[in-house]
Amino acid sequence: MKKIIDVELALQYVAGYKNIHEKLVKSFLDSYKGFDEEIIILMEKSDIYNLHMKIHSLKGICRNLGTLVLEKDCVIALDELKKNIVIKKDITYLLKDFKRAYKELEQLY
């Protein structure tokens, strides 16, 4: 399976500073642990506002992590939220790619 994290791309966004990228990754792993479970709970509660906030926050860090795939997933999910058409099965692509990205990031540093 093709990797979802492009470290070279990520390093471009942090001016090539690997130590900054490492700190960013470690901070992300700490801050986003359990993110997928939180999203599922918010969906079950139909809490559109907090779903939007969580996904928007994730979208904002994707490029610095080097995952344009996950960023695209976030854009699609946010668009669906605006149209009020997100249901649990519709967002599985985001959760699947999030889990893949998270696992890859855990193995980096």
For a quick test of your reading: what N or O donor-acceptor pairs under 3.5 Å do the side chains of residues 18-26 make, sequence neighbours left out?
{"residue": "His21", "atom": "ND1", "partner": "Tyr109", "partner atom": "OH", "Å": "2.8"}
{"residue": "Glu22", "atom": "OE2", "partner": "Lys26", "partner atom": "NZ", "Å": "2.8"}

Fill in the blank from the handout: For Lys2, the side chain to side chain contact (heavy atoms under 4.5 Å, CB included) test, sequence neighbours excluded, returns none
Exercise for the section: Drop me the distance from Phe35's CZ to Leu95's CG, to the nearest 0.5 angstrom. Expected result: 7.5 Å
Exercise for the section: Supply the atom-to-atom distance Gln107 CD to Ile5 CD1, rounded to the nearest 0.5 angstrom. Expected result: 10.5 Å
Exercise for the section: Check the hydrophobic clustering (I, L, V, M, F, W, Y; side-chain heavy atoms under 4.5 Å; chains of links allowed) and say if Tyr13 and Val69 are grouped together. Expected result: no
Exercise for the section: Evaluate the side-chain proximity of Leu94 to Cys74: yes if any heavy-atom separation is below 4.5 Å, no if none is. Expected result: yes
Completion exercise
Value for OG1 (Thr92) from CD1 (Ile39), rounded to nearest 0.5 Å, stands at 13.0 Å
Exercise for the section: Taking Tyr102 for its side chain and Leu29 for its backbone only, find out whether a donor-acceptor pair lies under 3.5 Å. Expected result: yes
Handout entry: salt bridge (Lys or Arg N to Asp or Glu O under 4.0 Å) pairs, two or more places apart, involving residues 64-73
Key = Arg63-Glu71
Practice task
Evaluate the side-chain proximity of Leu11 to Tyr17: yes if any heavy-atom separation is below 4.5 Å, no if none is.
Solution key: no
Exercise for the section: Could you list the residues that satisfy side chain to side chain donor-acceptor pair (under 3.5 Å) with Asp6, not counting sequence neighbours? Expected result: none
Handout entry: Residues in salt bridge (Lys or Arg N to Asp or Glu O under 4.0 Å) contact with Asp36, at least two apart in sequence or another chain
Key = Lys99
Handout entry: Flag side-chain contact, heavy atom, 4.5 Å: Thr67 against Leu105
Key = no
Can you give the donor-acceptor pairs under 3.5 Å from side chains of residues 51-61 to other protein atoms, not counting sequence neighbours?
{"residue": "Lys54", "atom": "NZ", "partner": "Glu38", "partner atom": "OE1", "Å": "2.5"}
{"residue": "Ser57", "atom": "OG", "partner": "Tyr32", "partner atom": "OH", "Å": "2.7"}

Handout entry: ILVMFWY cluster, Leu81 and Ile40 together (side-chain gap under 4.5 Å)
Key = yes
Completion exercise
For Gln12, the side chain to side chain contact (heavy atoms under 4.5 Å, CB included) test, sequence neighbours excluded, returns Leu9
Practice task
Start with the C-alpha distance between Ile76 and Tyr93, add both sets of side-chain angles, then the distance that settles side chain to side chain contact (heavy atoms under 4.5 Å, CB included), and finish with yes or no.
Solution key: CA-CA 10 Å; Ile76 292 168; Tyr93 61 91; 3.3 Å; yes
Fill in the blank from the handout: Applied to residues 100-109, the salt bridge (Lys or Arg N to Asp or Glu O under 4.0 Å) test, sequence neighbours excluded, yields Asp97-Arg100
